[in-house]
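Read the structure below first, then the notes.
Here the structure is a predicted model, which is why all the values come from computation and not from measurement. Both counts, for ligands and for their atoms, begin at 1 and track the order of listing.
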Amino acid sequence: MAGVTGRLVRGWCLRAVRSSLQVPAQLHMSKTAMGASQKDFESAVNQMKLLKKDPGNEVKLKLYAHYKQATEGPCNTPKPGVFDLINKAKWDAWNALGNLPKETARQNYVDLVSGLSSSSDSSSQVKPEADRKQAGYETLVMTSEDGITKIMLNRPTKMNALTTQMYQEIMLALEAASKDDSTITVLTGNGSYFSSGNDLTNFVISPDELEERARRGAILLRDFVGCFIDFPKPLVAVVNGPAVGISVTILRLFDLVYASDRATFHTPFSHLGQTPEACSSYTFPSLMGPAKAAEMLIFGKKLTAAEACARGLVTEVFPDSTFQKEVWTRLKAYSKLPRNALRISKQMIRNHEKEKLHAINAEESRILQERWQSDECMNAIMNFLSRKAKL
Ligand SMILES: CCCCCC/C=C/C(=O)SCCNC(=O)CCNC(=O)[C@H](O)C(C)(C)COP(=O)(O)OP(=O)(O)OC[C@H]1O[C@@H](n2cnc3c(N)ncnc32)[C@H](O)[C@@H]1OP(=O)(O)O
């Protein structure tokens, strides 16, 4: 019963996420091969000129940022001064797109405009050429080719720290990947980090919001981890660099973990006044024994890739210089194996402990909900934000 309720809650949550992102569900897969053409883009730019209803500042900033990224590439102009509020907001929005490829930005722009025109009441507006358009993600790059769907975390300037939006987009991307025709799904990071874990600015809130935000955070965490527990196809982590916090603990829910020898694995929960998540309070002791798990989860010992491999958290370590080439060659070969056999074998391995993992996930999320409201946690976050503390 608990499992069924959990699944219902997760299903509801995905619908809520979709509506909050204002993008139709069927459009959430962005395949590079099917991206918007230059003509689609120009038609979207023209369509914006016809829009009757002001879409509001937030949307206008997104449109501006994606337009600039699509036409000029990554932001490399000087940051405006703090008092130049409008230009600073525009610069921040553009800069936040990091190295998002021009094609993805173009696609995102087309999708945003299309979402605006379909929600507006103007029937006279020109329909975009591509009803086949794929919705974009703002914090991820999602591609699909050679039987492999790749979800790439894309906030390289912030070490791929996970914002609330990013957790939501990852859930949507996993949902899309679970239904597409690929054989294998891969999660990786853009830039030097795999991910620096939870974005600590998620905690920048006023004291009177704390209780409600902690409650919502716990639901988001439970649903996020639940998507990994239930993911039906082989799931591979390509750990391109250091991993911190939840980007380490979640790895035990993957089927293969390939790491560059530059990667490190760090779970500084106690330092942050927090406690383990992603089922690691159960999976880590069962994987490496309670003493080694305690060293990581209680005392925050940072492991090298070789150490993480020796403890069973990582499948194989590759030299950084050949990492991408070796890993993708391997994955392309695996992706040619019979799809259904892979899927069924995965489920046979994972199904034994699924219900248990959901129960542990719910309990860990409940405990974290309390922790996030503690002075220990708040002080640790304040220290990071005021740069008194770094890992
Ligand atoms: C729904 C909620 C679910 C929550 C689940 C619970 C999850 C728990 C965790 O994941 S705990 C782990 C949290 N992560 C951290 O504590 C890492 C904090 N970051 C650091 O210590 C350092 O940034 C670093 C060691 C990762 C990298 O150091 P360095 O190489 O010196 O780079 P910078 O510090 O200059 O980083 C560049 C830029 O990125 C910002 N940034 C990096 N990581 C985070 C982060 N986790 N949260 C917020 N911001 C981050 C950093 O502030 C810099 O930004 P700036 O250029 O100053 O604007």
Side-chain angles (χ1 to χ4, degrees), residues 10 13 16-17 20 75 79 82 88 91-92 95-96 98 139 153-171 189-205 210 212-228 239-251 253 262-281 284 296-298 300-302 361-374 376-391:
R10 280 189 293 283
C13 182
V17 168
S20 75
C75 173
K79 186 173 185 169
V82 277
K88 185 172 169 302
W91 186 93
D92 283 340
N95 189 49
T139 63
L153 307 174
N154 192 34
R155 290 184 78 217
T157 57
K158 300 288 181 185
M159 312 311 187
N160 296 321
L162 299 165
T163 57
T164 300
Q165 180 183 4
M166 219 154 164
Y167 289 110
Q168 292 168 334
E169 290 194 359
I170 294 169
M171 288 195 282
N190 184 15
S192 60
Y193 263 65
F194 177 58
S195 167
S196 62
N198 191 35
D199 190 310
L200 297 176
T201 64
N202 287 341
F203 293 100
V204 179
I205 43 178
L210 187 57
E212 174 57 14
R213 289 287 289 271
R215 191 186 68 77
R216 294 208 314 252
I219 293 173
L220 179 59
L221 173 62
R222 190 199 58 199
D223 291 346
F224 177 76
V225 174
C227 288
F228 286 84
V239 185
N240 53 299
V244 185
I246 191 167
S247 75
V248 175
T249 51
I250 202 81
L251 292 176
L253 303 177
R262 216 173 43 75
T264 51
F265 298 82
H266 193 191
T267 47
F269 299 128
S270 303
H271 300 70
L272 293 165
Q274 297 185 35
T275 46
E277 79 295 270
C279 303
S280 58
S281 62
F284 277 35
M296 287 187 81
L297 296 177
I298 306 181
K301 181 178 178 187
K302 189 195 285 187
N361 179 28
E363 179 63 1
E364 287 177 347
S365 303
R366 188 193 63 73
I367 292 171
L368 266 173
Q369 179 177 343
E370 287 168 13
R371 283 278 91 213
W372 289 329
Q373 298 176 69
S374 70
E376 285 181 348
C377 179
M378 279 302 127
N379 290 338
I381 306 296
M382 291 308 294
N383 279 340
F384 172 76
L385 295 176
S386 59
R387 291 301 189 274
K388 277 188 242 155
K390 203 174 252 196
L391 297 173

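Heavy-atom proximity to atom 1 (C) of ligand 1, evaluated over Ser365, Ala218, Gly217, is greatest for Gly217. One option in Asp223, Asn198, Val225, Leu368 has a heavy atom closer to atom 46 (N) of ligand 1 than any other, and that option is Asn198. Looking at Met159, Arg155, Arg371, it is Met159 that brings a heavy atom closest to atom 30 (O) of ligand 1.
The heavy-atom pair separating Gln373 from Gln369 by the smallest distance is NE2-O, 3.1 Å. Smallest separation of non-hydrogen atoms from Thr267 and Gly245: CG2-O, 4.0 Å. Taking all atoms of both residues into account, the shortest heavy-atom contact from Ile246 to Asn198 is CG2-N, 4.1 Å.
Taking every non-hydrogen atom of Leu272 and a distance limit under 4.0 Å, the qualifying atoms of ligand 1 come out as 11 (S), 12 (C), 13 (C), 16 (O). For ligand 1, the atoms closer than 4.0 angstrom to any heavy atom of Ser196 are 13 (C), 14 (N), 15 (C), 17 (C), 26 (C), 42 (C), 43 (N), 44 (C), 45 (C), 46 (N). For ligand 1, the atoms closer than 4.0 angstrom to any heavy atom of Leu220 are 1 (C). Close approach of ligand 1 to Gly197 (heavy-atom distance below 4.0 Å) involves ligand atoms 10 (O). Atom numbering of ligand 1 starts at 1 in the shown order; those under 4.0 Å from a heavy atom of Gly245 are 9 (C), 10 (O), 11 (S), 12 (C). For ligand 1 and Ala161, the ligand atoms under 4.0 Å from any heavy atom of the residue are 44 (C), 45 (C), 46 (N), 47 (N).
Side-chain contact between Leu153 and Thr139: absent, with no pair of heavy atoms (C-beta onward) separated by less than 4.5 Å. A heavy-atom distance below 4.5 Å is not found between the side chains of Ser365 and Glu277.
Atom CE of Met166 and atom CG of Asn202 lie 10.5 Å apart (nearest 0.5 Å). Taken to the nearest 0.5 Å, the CZ atom of Arg371 stands 4.5 Å off from the CD atom of Glu376.
Checked against Phe384 for a side chain to side chain contact (heavy atoms under 4.5 Å, CB included), the options Leu200, Leu272, Asn379 give a single hit: Leu200.
Side chain of Arg155 to backbone of Gly98: no donor-acceptor contact under 3.5 angstrom is found. Checked by atom type and distance alone, the side chain of Ser247 pairs as donor or acceptor with a backbone atom of Ser195 at under 3.5 Å.
Residue contact annotation: Thr157 has a non-hydrogen atom under 4.0 Å from ligand 1. The closest approach between any non-hydrogen atom of Trp372 and ligand 1 is below 4.0 Å. The shell of residues lying under 4.0 angstrom from ligand 1, judged by heavy atoms, excludes Phe224.
Between Leu200 and ligand 1, a contact under 3.5 Å exists for at least one N or O pair. Considering both main-chain and side-chain atoms, Lys158 comes within under 3.5 Å of ligand 1 through a nitrogen or oxygen pair.
When non-hydrogen atoms are compared, ligand 1 lies under 4.0 Å from the side chain of Glu277 (C-beta onward) but not from its backbone.
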